[in-house]
Amino acid sequence: MKTTILKQKRKEKGLSQIEIAEKANIPIRSYQRYESGERIPTAYIAQLIAQALQTTVEELFPISQRNSSDTNLSKE
């Protein structure tokens, strides 16, 4: 399985999935699905995760990884 940027950034920060989920105030299972690439977060959730990791949404979820039919990250 391919390692996602989200997982790489979390590991660089030395944080667990639980710690990121708590910092972002989201359910751990949801975070796990985002990190595994199973789901793509809404723009709001992506921002919460980015803040928890002290980075940007663009760095965690680059446009090249997004499907053109997926609009979750473009919603305000």
Side-chain angles (χ1 to χ4, degrees):
M1 175 180 259
K2 181 178 114 174
T3 299
T4 61
I5 294 171
L6 188 54
K7 184 175 183 176
Q8 290 172 342
K9 290 294 177 189
R10 176 181 61 78
K11 288 190 172 254
E12 284 174 15
K13 298 286 184 180
L15 298 168
S16 69
Q17 290 179 333
I18 293 171
E19 289 171 314
I20 295 299
E22 287 175 352
K23 286 176 179 266
N25 199 27
I26 60 174
I28 180 62
R29 186 64 187 129
S30 293
Y31 178 79
Q32 290 169 331
R33 287 179 177 138
Y34 303 141
E35 187 174 289
S36 71
E38 186 179 332
R39 298 196 66 204
I40 296 174
T42 63
Y44 176 71
I45 298 297
Q47 184 63 43
L48 293 175
I49 294 169
Q51 287 173 348
L53 287 167
Q54 299 175 331
T55 189
T56 65
V57 171
E58 293 79 14
E59 189 170 352
L60 295 176
F61 306 99
I63 291 173
S64 62
Q65 287 187 341
R66 299 180 212 164
N67 181 321
S68 61
S69 65
D70 177 23
T71 57
N72 282 342
L73 288 176
S74 63
K75 291 180 183 176
E76 295 289 327

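Side chains of L48 and N25 form no contact here, defined as non-hydrogen atoms less than 4.5 Å apart. Considering only heavy atoms from C-beta on, Y34 stays 4.5 Å or farther from I40 through its side chain. The shortest distance between side-chain heavy atoms of P62 and I5 falls below 4.5 Å.
The two residues V57 and A50 have their closest heavy-atom pair at N-CB, 3.7 Å. Summarising the geometry of I28 relative to A21, their closest heavy-atom pair is CA-CB, 3.8 Å, with the distance given to 0.1 Å. Among all heavy-atom pairs drawn from K9 and L60, the shortest one is CG-CD2, 3.6 Å. When all heavy atoms are compared, the tightest approach of A52 to A24 is CB-N, 4.1 Å.
Rounding to the nearest 0.5 Å gives a distance of 6.5 Å between CD1 of I49 and OH of Y31. Within the model, atoms CD1 of I20 and CD of Q51 stand 12.0 Å from one another, a figure rounded to the nearest 0.5 Å.
Between E35 and the options R10, K7, K11, a salt bridge (Lys or Arg N to Asp or Glu O under 4.0 Å) holds for only R10.
Around the CZ atom of R39, the shell of radius 6.0 Å holds no more than 12 heavy atoms that belong to other residues, nucleotides or ligands. Residue-environment remark: CD1 (I18) stays at or below the threshold of 12 foreign heavy atoms within 6.0 Å.
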Take L15 and K23 through the test side chain to side chain contact (heavy atoms under 4.5 Å, CB included) and record every step on the way to the result. CA-CA 10 Å; L15 298 168; K23 286 176 179 266; 4.3 Å; yes
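The backbone N or O of I26 sits nowhere less than 3.5 Å from a side-chain atom of S30 that would complete a donor-acceptor pair.
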